Structure formats: C-alpha cells, structure tokens
Amino acid sequence: MSETLSAQNPVNLRLPDGSVRTFDGPVTGTTLAADIGPGLLKAALLVKVNGEAWDLSRPIEGDSDVAIITSRDKEEALDILRHDCAHIMAQAVQELFPGTQVTIGPNIEDGFFYDFARAKPFTEDDLPVIEERMREIVKRDLEVIREVWDRNEAIEHFKSIGEIYKAEIISDLPEGEPITVYRQGDWLDLCRGPHLPSTGKLGDAFKLTKVAGAYWRGDSSNEMLTRIYGTCWTDKKELKAYLHRIEEAEKRDHRKLGKEMDLFHLQEEAQGSVFWHPAGYVMYNELQDFIRARVTQFGYKEVKTPQLLDSKFWEQSGHWAKFRENMFVVPDEIPSIEEDAPIVTGSGKLMALKPMNCPAHIQIFKQGIKSYRDLPIRVAEMGVVHRNEAHGALHGLMRVRQMTQDDGHVFCREDQITEETIKFCELLSSVYRDLGFPDFRVLLATRPEKRDGTDESWDLAEQRLEDALKETGLEYGFAPGEGAFYGPKLEFHLKDAIGRTWQCGTLQLDPNMARNLGASYVAEDGSKQAPVMLHRAVLGTFERFLGIMIEHYAGRMPLWLAPTQVVVTPITSEADDYARSVYEKALAAGLRAELDLRNESIKYKVRDHSHKKVPAIFVVGGREAENNTVSIRRLGSNQQSVVDSPKAIEDLVAEAAKPDSTANA
RNA sequence: GCCGCCGUAGCUCAGUGGUAGAGCGCACCCUUGGUAAGGGUGAGGCCGGGAGUUCAAUUCUCCCCGGCGGCACCA
C-alpha cells in the first residue's frame, strides 16, 4: 500500500522508547509500523514525525523522532478520526445528493461539522440516510491517498466540477503553500490532512447529531449554508458515554428546572422579559444581597438611575449611532384617545429605555465639582436595562431583552487604571470562588478594526489591562479585535452544563465617554481633565448568572440560595402539632421553612420535595415528638440521621450563611 | 435577523379529513402510611393565530406569532 522507494541515504527513526530503527532510504509510517509488529500495523492510525502528524503513507525522508499513533493515544486519535468522519460524511452527502457543494468541515469539541451548499437544506430526516451511507463507505475500506497539486490546476479543477467554495478557499491560501488533496475511491477533497490510511479505520463509533444553518465564512451578509454536526469516538463505549453525558446535561437545562422548581416563566406578551415567581425571586434576591454586600466592601457606592432618558444622552454617548437598532425608543407624547382628533400632547422628544447605565452614572458624577483627590469614584447600580435583541438570539434566562446588571463604573485618573483593574479582578475572583466557579476564563479583547482613538492610546490602554492581569496572576488569553470601539476589555467566561460558554463578567476601559458627556475633574495643576471610565460587571446580569447557577448546581442550590431551605412534615397526622412547633422554630431562626401537613404517605412527600430540590426535609413521627428530635433527610442522600431538633435548626442556620472567602483571606 | 424543525389539557406527550386521548398534576372521597408514586371518582382542551382548499380542517396549503437546535449578534 505504501510507495516503493529507491534506496538513497539511510534514514534513522527514533521511537518514543529511545530505540532507533535504520532504513535504507525514505520509509512510510506503514512500513515502520509493519517493521515493529503486525499488531501495531493493524492499530496504526497515523505517525507523528518530529511532533507533526503525518499520513502513514507519506514517506519520511530524513532522520526523525517518530511515534506511531493508535486509538490509545486519545487526543491525536480523536483528532484524526473526527476529521476523517467529516470527510466520509461529505462523501456520503455528495453520493446521495449530487450537486451539493462542500465547503469547510473542521473538528470541534466532541465532534465535527461540515458545511454544505445546497439549494434545499438538509433536515433531521436526512441524517439516518447519510449515516447509513457513511457506514457503507467505511465498509468499502477505501484507501485514502494524499496528493500534492499545483495551485492553479487545483483552482481550475474545483471550478470545473462546480465546487466554487473550494476554489475560493484555495485562491485565498497564501502563494507557495502546498495544495494537498485527499482521494478516497473516486471522491476527493482539498484538505491539509493528515488522514487515516483507509476509510475502514474509522470504525463505527460515530453519530450525526443535528443540522443547522450557518453563514459562509461566518458572515451574516453571506449566503447561508447547511451544516451537519456529528460526534465521533474511538469506540462505541465512548460514544455511548458521550450521548449519555448530553442527556444528563439536558436534564439540568435551566428552562426545564425553572418550570419544575417553579422559579420563573416567560411568555410571548413580554418576550424576553422574565416573570420571576416567588421561589425564583428568593434566589434572585439572595444573589443580589450577596453581590451588594461584596461590592460595598470593595468601595462602591450604590445608586439608582432612571429607565427613560432623553435621546440626547445617547447621541452624546455614541449609542445612538452605534447601538440604535438594539434600543427601545419611546416618544414622550400621549396620542389622543378619540379617533378623529389625533392630537398629541407631551414634549414630542424622543426618549429611550436605557440599554446601559453609563450615561446616567456620568450625570451623577457631574453633579458638583470633582477634584483629582476624589478619584477613584466607584458607582454601582443593580441596573435594569433593555436591549432589543435579535429574536433568534433569545434563550431562556441566558439571553433576554430586559436584564438587570450588577453594573458599576469606576471614574479614575489614567494612572489609576491598572490598580483599579487589579482591584476589580480581586473582587470578581472572590465572587466567582464563593459562588462555586473557581475556574473561569479571562480574555483580553483587543482593538477592533473600527475604532476610536489613536494607535498610541490603544497601545497604552491594552498595556494597562495586561499589566493588571499579570499582576493578578490569573491565566488569560486574547480575543483579538473583540474590544469595544472605544477601548479594550476583559471578558470573563463561564461554561454551562452542556459545554456552551457564556460571557458574564466584563471590564471595559473607556477614555472617551465621560468627556463626550461633559464630565471632568480638577487636576493637581488646576486644569480640567476628563476621567477615564471602567465599565464593569461581575455577574454580568442576574438573569444569565442565575441561569448558569441553576445549571451548574442542577437545581440543587447551596442552602443560602435555595428557595425553600427545609420542609417539616409529619409521618401521620398525630405528629402534626409537633411538626408545626418545629416549623415555627425554624422560621423564627430565620430559615425559609415550609410545613407539609398533607394527608399523603411519607414516601410521596419525600419524593415530591426531592423533585422540587428542597435541600433538607425534617420528617417527624411519634418517636421524634417524644424525644424532641427530627429525622433529617438531605437532598441527594437516601440516608437519614436523627438529631435533636434545636441542633438540627442551628446546623442549618450555620450552613445557610452566605459564603465569604474575603472574611478570612 | 438567517436556515431547519416544532406548536394538542397546568406539565410530558399519543392521535385523526367527520370538532380528541394517556400518564403526572389538580378537586373530592377512602386511606394514618417511617423516608423517591396507597386506592377510587371527577373536573379540565376555539388541537398557537389568520386566510385558503373541502360538504367537512386540529389534521392538507399559504401567511403570521411563538418555542427549540444552530448561525450571526451578545451580558
């Protein structure tokens, strides 16, 4: 199967165990594997040559460090299996649906996708058919052959067979880059590789999962392609485990739990705005109390500002020009009720529901004269903002149109930026730690293409933020070009139960807005200076953060956040009075307690409250009444423990304290 | 906003060109049961909205609205 090569200089290949094998001339990975042993030859998927993944059929021409990769080398194996799976899917699609063009098909976490151009998009119903054809192609065990093509010939070839997207991709590759094409049977695709030696090596641990629309090159002004997602593993057991994982993740979807636990609902008459139910609002308020205390501790003063503001503020802030389509605009006028008299009263001005709090905070800053000695001034607000989001973007609590930010603005001097950024990172880290998210990702979002300010000012701003990040010791990455038009930002990302990441916390450095809205302070030399603003939020919004927390804890909230902390319930009605007395003591101790006197079996009541995710159930019967004890059943355990009732309450009260890692830090 | 799918009882879902069904939940009755469903009876639906085809539409077609999965956008 590998090429026969004429003997030239000897080639020495060093294996991972340090041993060296010498060949007369260039040698392929296949030959090397065969030389080592038939078992390895059978298991071999690709070869790593000096750390680079190569096809087994590609001749190794000089002395190298090599390693034969098999399915036991998970990471490398999954990479190549998934990529081959995408290719085999593309072949299946083109066999079944002639005229469909291929575009790109990369690996993603847990699988792969391939984008196709086809007049009639695929539907879920097509997936089993495509999958069946894929299995057939695997069975054909087609040899996969790597070919290096001339760039122009490649472009011509793909154009001639109607693959305009592929031709476009090649045209965009830098000159001089080798154009490699992989052929399996009579199907071929442009690809960097490497690939499996034959389709049969793929195995059967794959599944097509969903179809979706996706824009060509991720640009919404381009045409929409049809994307098929799949997952692929080294064996069936892993595939099954993955599918099970997805199923489990879906069970903790906050929209599902929100319904089951009676936390909130959404309805179309207030699309994208949350109706918080009593249970959900307990969580909301507890979280708000928590962040309010923490923010105060870090030197912020809380304010409350108007919802409706004159459009002139938004013009000055730049939002009118850049954010207008996302704003709810409200004319200040009252149309007449009478049909034939369209008289309008009011100022006729345009108002807008605030999509951000910054201009309002600047108004507070502007009251009175500020000295450089007053800075930094840290303003916080549980700011209710409205944004008219694209309808397709709305998603439970994660993406809404009315949201409450734990917003804040730091007005400071330029020389205070780094210090204030460090302080914010400390605040945010303490909050995330206390809320159960010690691991989060920080990205430094740098200058976008369209931006205000000079390159020098951006150099400085980005440097200040990066200096701060270095100082904090947080690990960070970059999001090139993702900064706001006015300045760079830090993005803090959390991952949800099904692997999607959400940006929550943010810090945005803004040297301009305060000036644009006429804010200034008196500097040491008596001159008027505009303060720098740091727009920042720790949780981001209460809506999204609670959505993430519900999923993170699968509804089993820590005691301090649980809507109902304990249910007291008797086994028979004979213990009703005792149950009531325990319940009243729990209430008096400050616990969110409920009393369940329903005439139902204890089994039923335990099941019911467990479903509702109540963290603790105090079951009481004759024995408990006699000894002044309770039988405690904690959520997630099928064990009970009998404890003196005052102690049981005391323990829960202690456990229900808000977390505070800053207290003894 | 774009592509695809979906919309039947409070919830989860069957189903049919002749105006509907299950389980859970709910109400009432029986049951007093030691830790994830004790039993019975009953109420509850303009089958998302509008138009069209048809003798007849919840069912077929079109439009709208909403939900879901992605894309784009974003906290």
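Every chain is numbered from 1 and lettered A, B, ... according to where its sequence line falls, protein lines coming before strand lines. Keep in mind the model is a prediction, meaning the values are calculated, not measured.
Of the candidates B:A37, B:U35, B:A75, B:A37 carries the atom nearest the A:Arg607 side chain, counting heavy atoms from C-beta on. Proximity note for A:Val606 (side chain, C-beta onward) versus B:C26, B:A36, B:A75: the nearest is B:A36. Here the nucleotide nearest the side chain of A:Ser610, chosen from B:A36, B:G70, B:C74, is B:A36. Of the candidates B:C73, B:G25, B:G4, the closest approach to any side-chain atom of A:Tyr604 belongs to B:G25. Residue A:Ala393 places its side chain closer to B:A72 than to any other of B:C71, B:A36, B:A72. In the set B:A37, B:G34, B:C73, the nucleotide with an atom closest to the side chain of A:Lys603 is B:A37. Side chain of A:Thr572, nearest nucleotide from B:A75, B:G70, B:U32: B:U32. Taking every side-chain heavy atom of A:Gln271 into account, B:G66 is the closest of B:G34, B:G66, B:A75. Comparing B:A72, B:U35, B:C65 by their nearest atom to the side chain of A:Ser220 picks out B:A72. Comparing B:C71, B:U35, B:G69 by their closest approach to the side chain of A:Gln640 singles out B:U35.
Going from the P atom of B:C6 to that of B:A43 covers 34 Å, rounded to whole Å. Taking atom C1' in both B:C62 and B:U19, the straight-line distance is 23 Å, to the nearest Å. The gap from the C1' atom of B:U8 to that of B:G23 amounts to 15 Å, rounded to the nearest Å. Only the C1' atoms considered, B:C47 is 8 Å distant from B:A20, to the nearest whole Å. Separation of the P atoms belonging to B:G50 and B:U12 is 24 Å when rounded to the nearest angstrom. B:A14 and B:C30 have their C1' atoms separated by 32 Å, given to the nearest Å. Taking atom P in both B:G45 and B:A9, the straight-line distance is 11 Å, to the nearest Å. Going from the C1' atom of B:U54 to that of B:G18 covers 12 Å, rounded to whole Å.
One interatomic measurement links the two molecules: NZ of A:Lys210 to P of B:G69, which rounds to 9 Å at whole-angstrom precision. A:Arg598 places its CZ atom 16 Å from the C1' atom of B:C28, with the value rounded to the nearest Å. Here B:G69 presents its P atom at 12 Å from CD1 of A:Ile246, a figure rounded to the nearest Å. Atom CE of A:Met224 is separated from atom C1' of B:A72 by 7 Å (rounded to the nearest Å). If you measure from atom CG of A:Asp253 to atom C1' of B:U12, you get 15 Å, rounded to the nearest angstrom. Straight-line distance from the CD1 atom of A:Ile104 to the P atom of B:G70: 18 Å, rounded to whole Å. Atom CD in A:Glu600 sits about 12 Å away from atom C1' in B:C30, given to the nearest Å. Rounded to whole Å, the distance from NE2 on A:His391 to P on B:G1 is 5 Å.
When heavy atoms are screened at a 4.0 angstrom cut-off, A:Ala214 is found touching the sugar-phosphate backbone but no base atom. In this structure, A:Val400 reaches the bases: a heavy-atom distance under 4.0 Å links it to at least one base atom across the strands shown. Within the 4.0 angstrom heavy-atom criterion, no nucleotide atom of any strand lies near A:Ala537. Using a 4.0 Å heavy-atom criterion, one finds that A:His611 contacts the bases of the nucleic acid, with or without backbone contacts as well. A:Arg544 comes within 4.0 angstrom of a base, heavy atoms only. Using a 4.0 Å heavy-atom distance criterion, A:Glu124 is classed as making no nucleic acid contact. Looking at heavy-atom distances under 4.0 Å, A:Ile602 makes contact with sugar-phosphate atoms alone, never a base. Using a 4.0 Å heavy-atom cutoff across all strands shown, A:Gly622 reaches at least one base atom of the nucleic acid. Heavy atoms of A:Phe113 sit nowhere under 4.0 angstrom from any nucleic acid atom.
Side-chain contact check for A:Glu260 and A:His611: no donor-acceptor pair (N or O, by modelled atom type) lies under 3.5 Å. No donor-acceptor contact under 3.5 angstrom links the side chains of A:Ser221 and A:Tyr215, judged on distance only. Side chains of A:Thr569 and A:Lys605: a donor on one and an acceptor on the other come within 3.5 Å. A donor-acceptor contact closer than 3.5 angstrom is absent between the side chains of A:Asn388 and A:Glu325.
A donor-acceptor contact shorter than 3.5 Å links the side chain of A:Gln94 to the backbone of A:Thr100. Of the possible polar contacts, one joining the A:Asn627 side chain to the A:Arg623 backbone as a donor-acceptor pair under 3.5 Å is found.
Put simply, the side chain of A:Arg633 and the base of B:A36 share a donor and an acceptor less than 3.5 Å apart. Within 3.5 Å, a donor on the side chain of A:Glu624 pairs with an acceptor on the base of B:G34, or the reverse. A donor-acceptor contact under 3.5 angstrom links the side-chain atoms of A:Tyr215 to the base of B:G1. Counting distance only, with no hydrogens placed and no angle test, the side-chain atoms of A:Arg118 and the base atoms of B:C3 include no donor-acceptor pair under 3.5 Å.
Using the Watson-Crick or G-U wobble rule with both distances under 3.5 Å, B:C68 pairs with B:G4. A 3.5 Å limit on both hydrogen-bonding distances identifies no Watson-Crick or G-U partner for B:U53. As the counterpart of B:C28, B:G40 is assigned, both hydrogen-bonding distances of the Watson-Crick or G-U wobble pattern falling under 3.5 Å. In this structure, B:A75 makes no Watson-Crick or G-U wobble pair, since no nucleotide meets both defining distances under 3.5 angstrom. Nucleotide B:G34 forms a pair with no other nucleotide shown, judged by Watson-Crick or G-U wobble geometry with both contacts under 3.5 Å. The nucleotide B:U58 finds no pairing partner, because no Watson-Crick or G-U wobble arrangement with both distances shorter than 3.5 Å includes it.
For the pair A:Thr446 and A:Phe478, the minimum side-chain heavy-atom distance is below 4.5 Å. At least one side-chain heavy atom of A:Ile169 sits less than 4.5 Å from a side-chain heavy atom of A:Arg217.
A sub-4.0 Å separation between OP1 or OP2 of B:U12 and a side-chain N or O of A:Lys259 is present. The phosphate of B:C73 has neither OP1 nor OP2 within less than 4.0 Å of any side-chain N or O from A:Arg401. Taking 4.0 angstrom as the limit, A:Arg255 places a side-chain polar atom (N or O) nearer than this to OP1 or OP2 of B:C68. The side chain of A:His395 places an N or O atom within less than 4.0 Å of a non-bridging phosphate oxygen (OP1 or OP2) of B:G69. Side-chain N/O atoms of A:Gln267 include none lying less than 4.0 angstrom from OP1 or OP2 on B:G67. One finds no side-chain N or O of A:Ser631 lying less than 4.0 angstrom from the OP1 or OP2 phosphate oxygen of B:U35.
RNA chain B is contacted by both A:Gln639 and A:Arg399; A:Gln639 maps to the nucleotide lying nearer its 5′ end (nearest heavy atom per residue). Residue-to-nucleotide proximity on RNA chain B shows that, of A:Gly272 and A:Gln508, the 5′-proximal contact is made by A:Gly272.
By the 4.0 Å N-to-carboxylate-O rule, A:Arg634 lies close enough to A:Glu655 to be salt-bridged with it.
Ring orientation note: the planes of A:His409 and A:His361 are nearly perpendicular, at an angle over 60° on the 30°/60° scale.
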